[in-house]
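Worksheet for the structure shown next.
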Protein chains: 2
Amino acid sequence: MNEKDTICAIATPPGIGALAIVRASGEKAIEICDKIYDYQGKRLAKQPANTIHYGFITNNSKLIDEVLVSIFRAPNSYTGENSVEISCHGSIYIQQEILKALIRNGARQALPGEFTLRAFMNGKMDLSQAEAVADLIASSSEASHNVAINQMRGGFSSELKNLRNKLLHFVSLVELELDFSEEDVEFANRNELKNLIQEVKNVIDMLSVSFEYGNVIKNGIPVAIIGKPNVGKSTLLNSLIKEEKAIVSEIAGTTRDAIEDVIVIEGISFRFIDTAGLRDTDDVIESLGIKVTHEKISKAKIVLWLADAGNCLAEINQGINEIKAILGKKQRLFVLINKIDKYEEAEIDLKYGKINFKGLDKKDRVILISAKKHFQLDRLHDELVNAILPEKQDDVIITNIRHYEALQLASKALERALSGIDKNLPGDLLAQDIRETMHYIGEISGEITTDEILGNIFKNFCIGK
Amino acid sequence: MNEKDTICAIATPPGIGALAIVRASGEKAIEICDKIYDYQGKRLAKQPANTIHYGFITNNSKLIDEVLVSIFRAPNSYTGENSVEISCHGSIYIQQEILKALIRNGARQALPGEFTLRAFMNGKMDLSQAEAVADLIASSSEASHNVAINQMRGGFSSELKNLRNKLLHFVSLVELELDFSEEDVEFANRNELKNLIQEVKNVIDMLSVSFEYGNVIKNGIPVAIIGKPNVGKSTLLNSLIKEEKAIVSEIAGTTRDAIEDVIVIEGISFRFIDTAGLRDTDDVIESLGIKVTHEKISKAKIVLWLADAGNCLAEINQGINEIKAILGKKQRLFVLINKIDKYEEAEIDLKYGKINFKGLDKKDRVILISAKKHFQLDRLHDELVNAILPEKQDDVIITNIRHYEALQLASKALERALSGIDKNLPGDLLAQDIRETMHYIGEISGEITTDEILGNIFKNFCIGK
């Protein structure tokens with residue numbers, strides 16, 4: 001990866017549209033663009049930054065398109081380098097020809113995420129912010145968008161930086177003691193140090209805890225719909241889909257064959273697991289074996305178990321028992337008594353209204369619904385959202401497993417440091433644990449980094465970002 | 001359609017990308033954008049035209065994204081109106097939220113092609129140029145791109161305008177004669193008029209002739225691959241696809257199930273008809289009936305008929321006869337003697353080299369190939385391109401059936417005028433034919449237009465253009 005190169009890429013989504021943007025960044029980006037730009041002898045290199053210029057792009061003196069070229073100059077650009085954005089007609093042919101023309105004149109095709117990598121390298125953002133750019137682009141619900149944009153705008157990284165600097169201050173004092181080890185001085189007050197370490201550990205542990213919620217927000221909450229044949233599973237799924245217009249799986253252009261349907265409720269994505277058999281088919285056709293049901297349950301955070309309002313209570317209690325036996329502690333069970341439109345209200349009341357089902361936790365729910373008549377589905381919505389909300393942290397949310405792992409390691413090092421202070425361990429051992437903590441925190445923001453870490457992060461970006 | 005409204009739309013291709021652009025146009029476009037834009041109190045309305053501004057977009061005071069806003073002012077914009085282009089992170093959620101924010105603050109979603117319609121209404125381009133914008137965006141090969149950009153840059157419309165003005169001059173003189181009809185004067189020299197009409201008719205007929213080629217360039221040349229089972233049809237298709245990297249059907253993101261494969265050779269698209277059964281299957285499986293073959297042939301401009309080099313001459317001659325019997329005059333037949341790698345060169349020479357097949361026209365071709373070994377496929381490429389090139393006009397090419405129909409009608413009116421002059425018909429009848437010609441020519445460039453014509457043209461545009 002040569003950082004002196006001028007890189008170029010199509011930045012807009014692939015395909016045909018009214019407009020598309022081809023961008024280039026690097027010391028010579030504007031000069032290279034000048035070679036393929038033509039308008040009455042105008043030279044882009046002489047134009048002021050942050051201006052837009054009408055003109056023509058030619059490749060090998062063949063007219064490619066009428067375009068608008070936006071000019072940015074270092075350091076005031078996304079990458080921090082000289083940059084151009086060529087806004088052209090959105091035909092695939094034109095986009096590719098402009099890219100070819102730039103490459104012919106000295107630019108090279110950018111690697112995935114290379115624009116953002118340069119922004120990081122040039123100090124325009126730290127590493128966790130760079131990672132948030134990819135999350136932001138991929139975010140498809142309000143909740144995941146909020147988490148990503150908060151992280152991109154600084155989020156937890158400034159707080160971590162602040163804590164890291166405080167640790168640095170103390171570790172320097174501890175290390176200073178080592179130089180005077182024969183004199184047995186103590187520059188770093190052990191009580192203050194202990195308080196600081198505890199403070200840092202609290203923040204880090206809070207961030208770690210937020211990961212579970214953050215991860216769920218980022219990837220959607222997995223929900224399983226299970227129940228015996230004919231109990232109304234596909235009707236329920238179809239009714240939910242009909243009520244919520246925003247089905248992410250359709251918006252994102254994925255095919256109907258997608259195994260999961262995503263429904264966004266109050267800005268939170270719920271991923272309905274393995275609904276391929278449910279979407280368009282009758283319940284009758286679908287006859288999933290026990291094994292498939294077990295797999296579905298194991299992947300779900302919330303399990304919707306449908307029963308028929310005509311079932312007897314013993315049947316339902318047995319079903320609850322069977323499911324609860326395989327549910328983990330963190331999984332939620334919603335017992336949905338379906339088809340209540342078919343039974344007399346009184347009868348239902350009698351059967352279920354005043355009876356507590358056995359084996360349910362406080363966080364489990366029983367809801368009487370009619371999937372067909374859309375009865376009580378609004379209550380189901382509310383309960384789905386509520387099942388997630390209590391875990392919600394205030395602002396600072398970790399969504400990235402790389403950050404989570406670094407935080408876990410930092411927390412362990414801090415624990416060692418704390419017990420070290422209690423045991424009056426020598427300063428060099430303390431210093432080592434604190435340095436290790438700082439290393440892990442630094443990895444999150446990118447103050448500490450390696451080519452391998454960078455490579456792993458940016459390879460998952462789209463080209464053009 | 002209210003032309004005072006400020007309209008807005010996502011202008012970049014649908015989907016997820018590094019960047020996306022939401023554009024707005026109308027008298028209040030910049031003011032509306034100011035309501036959702038925030039950066040240290042900056043007001044976009046006070047910024048100069050053709051400048052770019054970093055800032056934040058909020059919707060209902062919720063932060064949506066960090067963006068760049070480009071400002072354009074009437075009349076120096078695409079539409080000729082005040083316009084903004086908001087360059088945001090290319091997440092679907094962000095694109096839609098920005099659109100919603102603009103709409104909440106007084107813009108409305110643009111209709112298909114409405115930006116370009118406004119450009120036409122505001123005199124930024126004539127109607128044929130506006131139509132070329134849609135063609136340009138849809139163009140996927142060099143040839144179709146050339147035709148579209150030529151038309152967008154003015155193409156034939158300036159020439160037509162020029163001819164129309166000349167006709168106007170003469171028709172005015174003819175009509176002036178009518179005012180002095182009792183004096184039997186002749187202001188418009190009948191010989192000069194006849195020459196002019198002939199000149200206009202020549203241009204119009206030349207344009208009409210170009211339509212067939214233009215249409216083929218725009219839509220691709222339909223090619224059929226036919227032949228008995230096991231003769232190597234799928235091998236040939238796969239080899240052609242492998243040689244030409246640019247398969248439009250793949251680039252455009254259409255699925256593998258597409259019935260047609262498009263292969264671009266020297267910038268010209270060849271559409272291989274009904275290849276669904278050919279792409280991935282063995283020849284053995286495929287057993288198309290006579291009816292399907294007839295249908296394929298009837299749609300093709302070039303028919304590739306494969307025979308096995310091991311077939312005897314009588315068999316091949318019979319096959320040629322059968323196909324030629326159903327081929328139209330303008331259709332081309334390529335007899336491809338396949339699998340020549342399997343036979344001794346001498347034997348092939350003996351069998352075919354010096355023998356003329358019966359029933360072939362001068363424009364038909366016999367090529368000995370090996371689809372499997374890619375032998376002589378370069379020659380097949382050349383012949384495919386050559387089969388189209390002789391029809392190629394120099395510059396001015398009509399691709400639009402609306403233009404073609406108008407030209408046909410204009411030509412007929414001119415013919416009537418010509419014969420009218422020869423028959424010494426009275427001036428008012430002459431004037432009527434010339435006026436009619438002018439009407440049809442005017443329809444092409446949009447000097448004459450109706451809401452119906454405009455509606456038909458712009459409904460096929462994408463939204464955002």
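Every chain is numbered from 1 and lettered A, B, ... according to where its sequence line falls, protein lines coming before strand lines.
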Going by side-chain hydrogen bond (donor to acceptor under 3.5 Å, both in side chains), name the pairs with one or both residues in residues 61-72 of chain B, residues two or more places apart or in two chains.
A/Asn146-B/Lys62, B/Tyr54-B/Glu66, B/Asp65-B/His89
Apply side-chain hydrogen bond (donor to acceptor under 3.5 Å, both in side chains) to B/Arg73 and list each qualifying residue two or more places apart in sequence or on a separate chain.
none
Chain B contacts: which residues in residues 77-88 of chain A have a non-hydrogen atom closer than 4.5 Å to it?
A/Glu85, A/Ser87
So what's closer than 4.5 Å to chain A heavy atoms on B/Ile10: side chain, backbone, both or neither?
neither
Of all of A/Ile71, A/Ile94, A/Ile463, which one pairs up most often with chain B through heavy atoms under 4.5 Å apart?
A/Ile94
Is A/Leu19 close to chain B through its backbone or its side chain, or both, or neither, when contacts mean heavy atoms under 4.5 Å?
both
Indicate yes or no: at least one non-hydrogen side-chain atom of B/Ile21 is less than 4.5 angstrom from one of A/Ile21.
yes
Residues of residues 130-139 of chain A with a heavy atom under 4.5 Å from any heavy atom of chain B, in residue-number order, are A/Val133, A/Leu136, A/Ile137, A/Ser139
Using non-hydrogen atoms only, which part of A/Pro14 is less than 4.5 Å away from chain B: side chain, backbone, both, or neither?
both
Which atom of B/Gly15 lies closest to which atom of A/Pro13, heavy atoms considered:
O-CG, 3.4 Å
Could you tell me which portion of A/Phe72 (side chain, backbone, both or neither) has an atom closer than 4.5 angstrom to a non-hydrogen atom of chain B?
side chain
What residue in A/Ile52, A/Ile149, A/Asn76 has the most heavy-atom pairs under 4.5 Å with chain B?
A/Ile52
Looking only at heavy atoms, what is the nearest atom pair of A/Gly464 and B/Ala18, with distance?
O-CB, 3.2 Å
By a 4.5 Å heavy-atom criterion (distance strictly below it), what part of A/Leu63 contacts chain B: side chain, backbone, both, or neither?
both
I'd like to know whether A/Asn50 forms a side chain to side chain contact (heavy atoms under 4.5 Å, CB included) with B/His53, so could you lay out the CA-CA distance, the side-chain angles of the two residues, the decisive distance to 0.1 Å, and finally the verdict.
CA-CA 7 Å; A/Asn50 305 329; B/His53 305 275; over 6 Å; no
Counting heavy-atom pairs under 4.5 angstrom with chain B, the leader among A/His145, A/Met152, A/Lys465 is A/His145
